[in-house]
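I have placed the structure first, in the form of structure tokens, so that the comments after it can refer back to it.
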Number of protein chains: 2
Amino acid sequence: MENNSAQHLTGADFVGGAVTAIARLIRENDLKPGDRLPAEAKLSKDLQVSRTVIREALRSLAALRLVELGAGKRPTVAELDDASFSMTIEHGVVTDQIDIQQIYDARRTIEARTAALAALRRTEGEVRAILSHAKAMAENFDNSDEVMEHDLAFHLAIAKASKNPVFALIIGAFQGVTRQTWPIGWKSRANDDERRAMNALHLDLAQAIAAGDPQSAADLMNRHFDQSIKALLNAGLI
Amino acid sequence: MENNSAQHLTGADFVGGAVTAIARLIRENDLKPGDRLPAEAKLSKDLQVSRTVIREALRSLAALRLVELGAGKRPTVAELDDASFSMTIEHGVVTDQIDIQQIYDARRTIEARTAALAALRRTEGEVRAILSHAKAMAENFDNSDEVMEHDLAFHLAIAKASKNPVFALIIGAFQGVTRQTWPIGWKSRANDDERRAMNALHLDLAQAIAAGDPQSAADLMNRHFDQSIKALLNAGLI
DNA sequence: CCTATTAAACCTGTACTACAGGTTTTAAAA
DNA sequence: TTTTAAAACCTGTAGTACAGGTTTAATAGG
């Protein structure tokens, strides 16, 4: 039987208090993704605040992706998700608090590591996925949207193969802003040869990971980012 | 004169739609931190949804730290803040989706880079702050809480001196969970000599940054994390 | 006894009203 | 012009109502 009880709130910030109380409920009852929280009415009674306050608190937690909401369903504990960090990053870029070069520098730092870790830890299935995205980039050479999506999926697949969800979270969160600048880098590459070189680099990287060579994988990833940043500089974007 | 108008919503997910619409309002009107958004009543009228929906949407955006709310005040655009990502990380740890070693590996990867960048870009003021935290760690040797807080501040100061807000954001977000495990690493160090060695390492690192030596700074940061992870392994934590 | 169907109970999403108390703007006074 | 006071504006919380989705319980059929 569940013991999801919570103590009633005191103090000023009702919604904030409810957010904290519900987060504590998850922690102290060892709730895991998929587990159900008490209904709004019960939380309202337990915490001694109106349903209005509970709803706003649950909405806050849903925005942060700690819980999931659905019509008619009780709130459930959510799986780890990059959507919330993605919003933060996008906000930073939109409001000029982060620029694109800073995103790329962070990506290079992290992805040199995910490439090395992926080379050490990848499963056969992950190797196939990574290789298939690299090949799809070359095969869809004329459709830049396709190339971009496979590029993004390629990098995320490597992050996942690193077996560190923190890296996957961060790289996933960068995808939103990357989608907005990627075409600029693609167009700014002087000619098709440069674009083909980029695709070839992806293939080499995939093969280094497949071969289990962390040093080469990291080196190739760094080289890839050097080229990408140079292309964005040429475009005057950064 | 402001032109904060928004088009009315259509479709099913009212709150989600309002979140998107308000985020778009920020983007399309080039609003910056501190700028005011329309009042709830106006948003309600513009988007053709009840104030209830608008309030839940604003709470969502406040949870993500895109906006700031205050009694009597209109919502304002918020500055970049690590609180939202911090909640994500903590949720991942609490629900066993992230473990401590993964946090430390991510930190090592990123902080080797922030140390190198700080060595290249730090201002005099930043050097003073970094050095003062390293010294305070040694001086408060007997008060582990003090040591911990200066340790955290030391690492964050380096991240800020790297001049890449993305790194500062990520390192800041790790502080919450780090506070929960740091004492374990401290206690698990076999004797005071090991603890003193850790403090000495911080001082060396601070001096490498002060000297503008990125290679040494990165090396020392990596060595520091090797020791920390070893200490946590000894404690059986990971 | 087990399974399938149906009804009831439960629950969330949205809208609306009301008002206390905080904030900003406006208007009046000095 | 500056200060002060009033008015207008705005958010925070509580509560009611109801449509429509979901889960659970009860019922029927095998």
Side-chain angles (χ1 to χ4, degrees), chain A residues 1-2 4-22 25-26 31 33-78, chain B residues 1-2 4-22 25-26 31 33-78:
Chain A
M1 178 195 154
E2 294 179 4
N4 281 332
S5 65
Q7 285 161 4
H8 89 97
L9 295 177
T10 69
D13 183 358
F14 287 61
V15 174
V19 168
T20 307
I22 296 169
L25 214 57
I26 296 175
L31 301 186
D35 289 351
R36 287 193 300 181
L37 291 169
E40 291 174 2
K42 176 159 171 45
L43 288 170
S44 170
K45 221 179 74 180
D46 289 351
L47 303 180
Q48 308 248 62
V49 290
S50 68
R51 195 185 150 207
T52 308
V53 168
I54 296 297
R55 277 192 63 77
E56 293 187 6
L58 285 172
R59 280 292 181 192
S60 298
L61 291 164
L64 295 168
R65 302 296 175 115
L66 305 210
V67 309
E68 254 177 34
L69 306 178
K73 297 178 189 169
R74 276 164 55 186
T76 57
V77 175
Chain B
M1 177 193 154
E2 293 179 3
N4 281 332
S5 63
Q7 285 161 6
H8 89 99
L9 295 177
T10 68
D13 182 359
F14 286 62
V15 174
V19 168
T20 307
I22 296 168
L25 215 55
I26 296 174
L31 300 186
D35 288 352
R36 288 194 300 181
L37 292 169
E40 292 173 1
K42 175 158 170 48
L43 288 170
S44 170
K45 221 179 76 179
D46 289 351
L47 303 180
Q48 306 249 64
V49 290
S50 69
R51 196 186 148 206
T52 306
V53 168
I54 296 297
R55 278 193 62 78
E56 293 188 8
L58 284 172
R59 280 292 182 192
S60 298
L61 290 164
L64 295 167
R65 302 296 175 115
L66 304 211
V67 309
E68 255 177 35
L69 306 178
K73 298 177 190 170
R74 277 164 54 187
T76 57
V77 175

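Letters A, B, ... are given to chains in the order of the sequence lines, protein chains preceding strands, and every chain is numbered from 1.
Residues satisfying the side-chain contact (heavy atoms from CB on, under 4.5 Å) test with B:T20, not counting sequence neighbours, are none. Partners of A:A62 under the side-chain contact (heavy atoms from CB on, under 4.5 Å) rule, at least two apart in sequence or in another chain, are A:V67, A:L69. In this structure B:S44 satisfies the side-chain contact (heavy atoms from CB on, under 4.5 Å) test together with B:I54, sequence neighbours excluded. Scanning for side-chain hydrogen bond (donor to acceptor under 3.5 Å, both in side chains) contacts around A:E68 gives an empty result, with sequence neighbours left out. In this view, B:A57 and B:V15, B:A18, B:V19, B:I22 satisfy the side-chain contact (heavy atoms from CB on, under 4.5 Å) rule, not counting sequence neighbours.
Rounding to whole angstrom units, CG of residue B:L43 and C1' of D:dC10 are separated by 12 Å. Separating the CD atom of B:E68 from the C1' atom of D:dC10 is a distance of 17 Å, rounded to the nearest angstrom.
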Could you go over nucleotides 11-14 of chain D and give all protein N or O partners under 3.5 Å, atom names and distances?
from: D:dT11; atom 1: OP1; to: B:E40; atom 2: N; distance (Å): 3.2
from: D:dT11; atom 1: OP2; to: B:E40; atom 2: N; distance (Å): 3.0
from: D:dT11; atom 1: O4'; to: B:G72; atom 2: N; distance (Å): 3.1
from: D:dT11; atom 1: O3'; to: B:G70; atom 2: O; distance (Å): 3.4
from: D:dG12; atom 1: OP2; to: B:R55; atom 2: NH1; distance (Å): 2.6
from: D:dG12; atom 1: OP2; to: B:R55; atom 2: NH2; distance (Å): 3.0
from: D:dG12; atom 1: N7; to: B:R51; atom 2: NH2; distance (Å): 2.9
from: D:dG12; atom 1: O6; to: B:R51; atom 2: NH1; distance (Å): 3.4
from: D:dT13; atom 1: OP1; to: A:F14; atom 2: N; distance (Å): 3.0
from: D:dA14; atom 1: OP2; to: A:S50; atom 2: N; distance (Å): 2.7
from: D:dA14; atom 1: OP2; to: A:S50; atom 2: OG; distance (Å): 2.7
from: D:dA14; atom 1: N7; to: A:T52; atom 2: OG1; distance (Å): 3.3

